[in-house]
Asks: 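Structure below; questions to follow.
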Amino acid sequence: MNDFSSRLTQWQREHGRHHLPWQVDDAYRVWLSEIMLQQTQVTTVLDYYARFLERFPTLTDLAAAPLDDVLALWSGLGYYTRARNLHACAQAVVRDFGGHFPSDPALIATLPGIGRSTAAAIAAFAYGTRAAILDGNVKRVLSRWAGIEGFTGVKAIENQLWELAESLLPEPSSDQNIAAAAIKAHTQGLMDLGATICTPKNPTCLTCPLSADCQARLSGRQAELPTKKPKKTVPEKSTVMVLLRNANGEILLERRPPTGIWGGLWSLPEVASTLTAATAIDQRFGLTIEIEPALPEFVHVFTHYRLTITPQPAYLIGNSTLRENHTAWFSKTAALTAGIPSPLRKIINAL
DNA sequence: AATACGGGGCC
DNA sequence: GGCCCAGTATT
C-alpha cells in the first residue's frame with residue numbers, strides 16, 4: 001500500500017487548488033502554463049497566461065506566429081530562452097506530431113525547452129500518464145519528508161530525490177480513469193502542498209497530511225531542510241544605454257543576439273561610457289548625435305549579477321537612415337508593445 | 001558539476 | 001536585502 005500517495009491525493013481533493021486556469025484537459029494549455037511557471041510564481045504568471053491565450057488560442061496559432069509576437073507577450077517574464085523554445089516547440093509539435101502533443105514523457109522531453117520534470121507534468125496533467133515530477137516544490141516536500149540532507153542541486157542528491165519521487169507514485173490501476181485521476185491528484189498535490197503547507201519558511205505542519213512520518217518534523221529540522229544553496233557574491237556590472245531619438249520622437253532600438261542576456265529582445269544600444277557615446281554611435285550606426293544630460297542611474301538586479309544602468313539621452317542630427325536590419329526606429333507606443341527587457345520599459349515609461 | 005539565464009513577490 | 005519560485009540548456 002502506498003500510504004504516502006493515498007494521504008496526498010486525499011488531501012489534494014479536499015484542500016488543494018482546483019481552479020487555476022490551466023487545470024484543464026488540454027495539452028497546449030498545460031504545456032504553456034508549465035513553461036511560464038518555470039522559476040516563476042503563480043501570481044506573476046496569471047496575467048501573462050491570459051494575454052498569451054487571447055493572442056494564441058491554439059498551438060497552431062502559436063506555431064504560425066512571428067517570433068517577435070511571442071517575445072512581445074513574454075516581455076517582463078524573464079528567461080527569454082523559454083519564449084524562443086516555446087515557439088520552436090510549437091512548430092516541432094506541428095511538424096512532427098501533427099499538432100498533437102505526445103503522451104509519452106520521454107518523447108515530450110525531446111522537445112525544445114522541455115526537460116524531464118516538465119515533460120512528466122505535461123504527461124500527467126494532460127493525459128494522466130504515470131510519471132514523476134521533481135520541481136522546487138517536490139524537492140522541498142520530499143527532502144523534508146524523507147530527511148534527505150545535501151543541496152538538491154547536486155547530482156547525487158537529485159538522483160536520490162528522483163528515485164524517491166518515482167517510488168511514491170500511486171500504484172497503477174486496472175481502471176484507466178481511476179489511475180489517471182490518481183496521477184493528476186498526486187502530481188497537483190505535491191505542488192499544492194509545497195505552495196501552501198510545506199512552504200520554504202514557517203511550514204504549517206499541523207495541517208499537513210504527511211506530518212505523521214515526516215522526518216524533518218519529527219526531528220524539528222523543517223528550517224534546515226532542504227539544505228540551502230551555497231551562496232556566493234554576485235558581480236557588479238554597469239552599462240550606458242543610449243536613448244537616441246530622431247526628429248519624429250522615435251527611439252532607436254537594436255535587436256540583441258539570440259543567446260545571452262535578453263536574447264532576441266529589442267533594447268537600447270549600449271556603449272562603454274557617456275563620454276564616448278557619440279563616437280560609438282557614429283561608428284556603429286553611421287548616425288550623428290548630440291548628447292544630452294544623463295538621466296539618473298539605477299540598479300537592475302539579476303539572479304547572477306547586479307547591473308547599474310545609466311540612461312544617456314541624445315538627439316539625432318541629420319540623416320536617420322539605418323543601414324543595418326537589426327536596428328529600427330520605434331515610437332514610444334511601439335517600443336512598449338515590443339519584446340523589450342524590463343528596465344527598458346522602466347526608462348521609456350519615465351519619458 | 002557548475003554556470004547562464006529574469007524578474008517579481010514576500011518577509 | 002536576501003530568499004524563493006511548477007527548470008532547462010550549455011559548458
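Computed from heavy atoms alone, side chains included, the values below leave out hydrogens, waters and symmetry copies. None of these values were measured; they are calculated from a predicted model. A, B, ... follow the sequence lines: proteins, then strands. Residue 1 opens every chain.
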Asks: Please determine if a side-chain N or O atom of A/Lys232 lies less than 4.0 Å away from the OP1 or OP2 oxygen of B/dT3.
Replies: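 For A/Lys232, the contact criterion (side-chain N or O under 4.0 Å from OP1 or OP2 of B/dT3) is met.
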Asks: Taking atom P in both C/dT8 and B/dG8, compute the distance separating them and give it to the nearest angstrom.
Replies: 23 Å
Asks: Would a hydrophobic clustering, with Ile, Leu, Val, Met, Phe, Trp and Tyr connected at side-chain separations under 4.5 Å, put A/Leu344 with A/Ile281?
Replies: no
Asks: A/Thr276 and A/Thr279: side-chain donor and acceptor closer than 3.5 Å?
Replies: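 No, A/Thr279 and A/Thr276 have no side-chain donor paired with an acceptor closer than 3.5 Å.
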Asks: For A/Pro200 and A/Arg306, find the nucleotide of DNA chain C closest to each by heavy atoms; which residue's nucleotide sits nearer the 5' end?
Replies: A/Arg306
Asks: Please tell me which of the listed nucleotides, C/dC3, B/dC5, C/dC5, lies nearest to the side chain of A/Gln39?
Replies: C/dC5
Asks: I'd like to know if the side chain of A/Arg82 pairs up with that of A/Asn85 as donor and acceptor (distance under 3.5 Å, no hydrogens or angles considered).
Replies: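 There is no such pair (donor and acceptor under 3.5 Å, judged by atom type) between the side chains of A/Arg82 and A/Asn85.
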Asks: Let me know the distance between CH2 of A/Trp74 and C1' of B/dC5, rounded to the nearest Å.
Replies: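 Rounded to the whole Å, the gap is 13 Å.
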Asks: Residues from residues 256-268 of chain A sitting under 4.0 Å of DNA chain B, heavy atoms only?
Replies: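 Nucleic-acid contacts, sorted: A/Gly260, A/Ile261, A/Trp262.
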Asks: If you assign each of A/Gln38 and A/Gly153 to its closest nucleotide in DNA chain B, which residue comes earlier from the 5' end?
Replies: A/Gly153
Asks: Tell me, with the steps shown, if A/Tyr49 and A/Thr44 meet side-chain contact (heavy atoms from CB on, under 4.5 Å).
Replies: CA-CA 9 Å; A/Tyr49 180 81; A/Thr44 303; over 6 Å; no
Asks: Which residues satisfy the salt bridge (Lys or Arg N to Asp or Glu O under 4.0 Å) test with A/Asp69, sequence neighbours excluded?
Replies: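 Salt bridge (Lys or Arg N to Asp or Glu O under 4.0 Å) list for A/Asp69, sorted by chain: A/Arg55.
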Asks: Going by the rule salt bridge (Lys or Arg N to Asp or Glu O under 4.0 Å), which residues pair with A/Asp96 if we only count those two or more places apart in sequence or in a different chain?
Replies: none
Asks: Can the ring centres of A/Phe302 and A/His300 be said to be less than 6.0 Å apart?
Replies: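 So the answer is yes for these two rings.
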Asks: For A/Glu166, check salt bridge (Lys or Arg N to Asp or Glu O under 4.0 Å) against everything at least two apart and list the hits.
Replies: A/Arg116
Asks: Which ones in residues 118-138 of chain A lie close to DNA chain B, meaning a heavy atom under 4.0 Å from one of its atoms?
Replies: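 Result for residues 118-138 of chain A: none.
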Asks: Using every non-hydrogen atom in the two residues, find where A/Pro105 and A/Ala119 come nearest and quote the distance to one decimal.
Replies: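 For A/Pro105 and A/Ala119, the tightest heavy-atom pair comes out as O-CB, 3.4 Å.
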Asks: Among residues 296-303 of chain A, which ones have heavy-atom contacts with DNA chain B below 4.0 Å?
Replies: A/His300, A/Phe302, A/Thr303
Asks: Kindly check if the number of other-residue, nucleotide or ligand heavy atoms within 6.0 Å of NZ (A/Lys228) is above 12?
Replies: yes
Asks: In whole angstrom, give the distance that lies between atom CZ of A/Phe151 and atom P of C/dC4.
Replies: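 From A/Phe151 CZ to C/dC4 P: 10 Å.
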Asks: Both A/Val154 and A/Pro343 contact DNA chain B. Which one's nearest nucleotide lies toward the 5' end?
Replies: A/Val154
Asks: Sequence neighbours excluded, which residues qualify as side-chain hydrogen bond (donor to acceptor under 3.5 Å, both in side chains) partners of A/Asp213?
Replies: A/Arg7, A/Trp145
Asks: Taking C/dC3 as the reference, what is the distance to B/dG6 when you measure between their C1' atoms (whole Å, please)?
Replies: 15 Å
Asks: Should A/Thr227 and A/Val154 be marked as a side-chain contact (heavy atoms from CB on, under 4.5 Å) after you check the CA-CA gap, both sets of side-chain angles, and the distance that decides it?
Replies: CA-CA 11 Å; A/Thr227 302; A/Val154 170; over 6 Å; no
Asks: Determine the interatomic distance between P on B/dA4 and the same-named atom on C/dA6; round to the nearest Å.
Replies: 24 Å
Asks: Indicate if A/Ile114 and A/Leu134 have the same hydrophobic cluster label, given that clusters are the connected sets of ILVMFWY residues with side-chain heavy-atom separations under 4.5 angstrom.
Replies: yes
Asks: So, does the side chain of A/Thr40 form a donor-acceptor pair with the base of B/dG8 at under 3.5 Å?
Replies: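 Counting by modelled atom types and ignoring angles, no donor-acceptor contact under 3.5 Å is found here.
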Asks: Kindly state which residues belonging to residues 76-90 of chain A come within less than 4.0 angstrom of DNA chain B, counting heavy atoms of the residue only, listed by number.
Replies: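 Residues of residues 76-90 of chain A that come under 4.0 Å of DNA chain B are, in numerical order, A/Gly76, A/Leu77, A/Gly78, A/Tyr79, A/Tyr80, A/Arg82.
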Asks: Take atom NZ of A/Lys139 and atom C1' of C/dT8, then tell me their distance rounded to the nearest Å.
Replies: 11 Å
Asks: Could you tell me whether A/Asn202 atom CG has more than 12 heavy atoms of other residues or ligands within 6.0 Å of it?
Replies: no
Asks: Please state how far atom CD in A/Glu158 lies from atom C1' in C/dT8, giving the value in whole angstrom units.
Replies: 11 Å
Asks: Taking only heavy atoms on the protein side, list every residue of residues 186-196 of chain A lying under 4.0 Å from any atom of DNA chain B, sorted numerically.
Replies: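 Within residues 186-196 of chain A, no residue comes under 4.0 Å of DNA chain B.
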Asks: Given atom CD1 of A/Ile108 and atom P of C/dT8, what is their separation to the nearest angstrom?
Replies: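 After rounding, the reported distance stands at 12 Å.
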Asks: Take atom OH of A/Tyr48 and atom C1' of C/dC5, then tell me their distance rounded to the nearest Å.
Replies: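 The answer, rounded to whole Å, is 15 Å.
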Asks: Both A/Pro112 and A/Leu37 contact DNA chain C. Taking the nearest nucleotide for each, which residue is further toward the 5' end?
Replies: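 The residue whose closest nucleotide sits nearer the 5' end is A/Leu37.
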Asks: Between B/dA4 and A/His304, is there an OP1 or OP2 to side-chain N/O distance shorter than 4.0 Å?
Replies: no
Asks: Over all heavy atoms of both residues, which pair between A/His100 and A/Val93 is shortest? Give the atoms and the distance, please.
Replies: N-CG1, 3.6 Å
Asks: What pairs with A/Asp26 under salt bridge (Lys or Arg N to Asp or Glu O under 4.0 Å), at least two apart in sequence or on another chain?
Replies: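 Applying salt bridge (Lys or Arg N to Asp or Glu O under 4.0 Å) to A/Asp26 gives A/Arg29.
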Asks: Does a sphere of radius 6.0 Å around CD in A/Glu236 hold more than 12 heavy atoms from other residues, nucleotides or ligands, not counting ones at 6.0 Å or beyond?
Replies: yes
Asks: May I ask you to list the residues of residues 16-23 of chain A, by number, that have any heavy atom positioned under 4.0 Å from an atom of DNA chain C?
Replies: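 Those residues whose heavy atoms fall under 4.0 Å from DNA chain C, taken from residues 16-23 of chain A in numerical order, are A/Arg17, A/Leu20, A/Trp22.
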Asks: State, to 0.1 Å, how close A/Val30 and A/Val24 come at their nearest heavy-atom pair, and which atoms those are.
Replies: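 So the two residues come closest at CG2-O, 3.7 Å.
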Asks: Taking all non-hydrogen atoms of both residues into account, name the closest pair between A/Ile35 and A/Gly113 and its distance.
Replies: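 In this case the closest contact between A/Ile35 and A/Gly113 is CD1-O, 3.7 Å.
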Asks: Between A/Phe4 and A/His186, how do the two ring planes meet: parallel, tilted or perpendicular, split at 30° and 60°?
Replies: tilted
Asks: Taking everything shown except A/Gln215 itself, do over 12 heavy atoms lie less than 6.0 Å from its CD?
Replies: yes
Asks: Send over the distance from A/Glu34 CD to C/dC5 C1', rounded to a whole Å.
Replies: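 In whole Å, C/dC5 C1' and A/Glu34 CD are 13 Å from each other.
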Asks: Could you go over nucleotides 9-11 of chain B and give all protein N or O partners under 3.5 Å, atom names and distances?
Replies:
unit_1: B/dG9; atom_1: O4'; unit_2: A/Gln41; atom_2: OE1; d: 3.4

Asks: Judged by modelled atom types alone, do A/Thr321 and A/Asn319 share a side-chain donor-acceptor pair under 3.5 Å?
Replies: yes
Asks: May I ask you to say what A/Lys231 touches in the nucleic acid, namely base, sugar-phosphate or nothing, with a heavy-atom cut-off under 4.0 Å?
Replies: sugar-phosphate
